[in-house]
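Down below is the structure, laid out as structure tokens.
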Amino acid sequence: LTGHLGSVNTVAFSPDGRLLISGSGDRTIRLWRVDNPQCTATWSGHGGGVSAVVFSPDGRLLVSGSGDRTIRLWRVETGQCVTTLPGRTGRVNAVAFSPDGRWLVSGSGSFSERRREDDAVRLWRLENSQCVATLPGHGGSVNAVAFSPDGRRLVSGSADQSVRLWRLENRQCVATLQGHSGAVSAVAFSPDGQLLASGGHDGVLVWKPRQTTTISMTLEELIEWEKH
């Protein structure tokens, strides 16, 4: 699929699998049909490269995060930007919807050592587009965020080499998971919420969130482990 004029930084499928969205360093978002791989829409508005995109659980909204330090909510059917949320003073690196579609979490932070103050996880209530909590603690840019399948927990991964587990109910960090030797760039819960995976340049770590224990694996070892 060609069309972007810059690097493609992020992609996501719609919940029904019929649409694909891509975000690029060219500051645009492109919408593609999967059954007929052509670009059906190009959305512009960000003043910086698009670093994260995600569909809402019902597929009606799309959220994008950008190097312009904003989060934008788009109506998929029309391509209209319905809300712009300020990402504060750092680039928005990651966004994720809660399973019920009521909440949005974002991870931000600059790659510059001069802007450590915005290395934060933010929780947004979509009903009124308000930031209801800033979850501080990371000592580097927050590169990845995700909700647990039951929507009760958040996880964040950071350039400070740590993974943090948060309880949504009281917005408290319940565990800081150490084990990576470099920046954490990806996090994901298993579908049943019993396992948590985090990835970085040093490989993949698989955690049991309830015990906060870890199974350290390289990507090759993880693939082999999944076969059994």
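Atoms considered below: every heavy atom in the structure, side chains included; atoms not considered: hydrogens, waters and symmetry mates. Here the structure is a predicted model, which is why all the values come from computation and not from measurement.
Remark: Thr2 pairs with no residue by the side chain to side chain donor-acceptor pair (under 3.5 Å) rule, at least two apart or across chains. Considering only residues two or more places apart in sequence or on other chains, Trp103 meets the side chain to side chain donor-acceptor pair (under 3.5 Å) condition with none of them. Ala133 meets the side chain to side chain contact (heavy atoms under 4.5 Å, CB included) test with Leu123, Leu135, Arg171; sequence neighbours excluded. Residues passing the side chain to side chain contact (heavy atoms under 4.5 Å, CB included) test with Asn36, sequence neighbours excluded: Gln38. Scanning for side chain to side chain contact (heavy atoms under 4.5 Å, CB included) contacts around Thr78 gives Arg75, Gln80, with sequence neighbours left out. By the side chain to side chain donor-acceptor pair (under 3.5 Å) test, Asn170 is found to be paired with no residue, residues two or more places apart in sequence or in another chain being considered. Checked against side chain to side chain contact (heavy atoms under 4.5 Å, CB included), Asp26 has the following partners two or more places apart in sequence or in another chain: His4, Leu5, Ser24, Thr28. Scored by the side chain to side chain donor-acceptor pair (under 3.5 Å) test, Ser162 finds His138, Asp160 as partners (sequence neighbours excluded). The ring-ring contact (aromatic ring centres under 6.0 Å, His included) check on Trp43 picks up Trp74, with sequence neighbours excluded.
The ring pair (Phe, Tyr, Trp, His ring centres under 6.0 Å) pairs that include a residue from residues 49-73 number zero, where partners must be two or more places apart or lie in different chains. Applying the salt bridge (charged side-chain N to carboxylate O under 4.0 Å, His left out) rule to pairs touching residues 32-56 yields Arg33-Asp35, sequence neighbours excluded.
Looking at heavy atoms from C-beta onward, Val155 lies out of side-chain contact with Arg153 at the 4.5 angstrom threshold.
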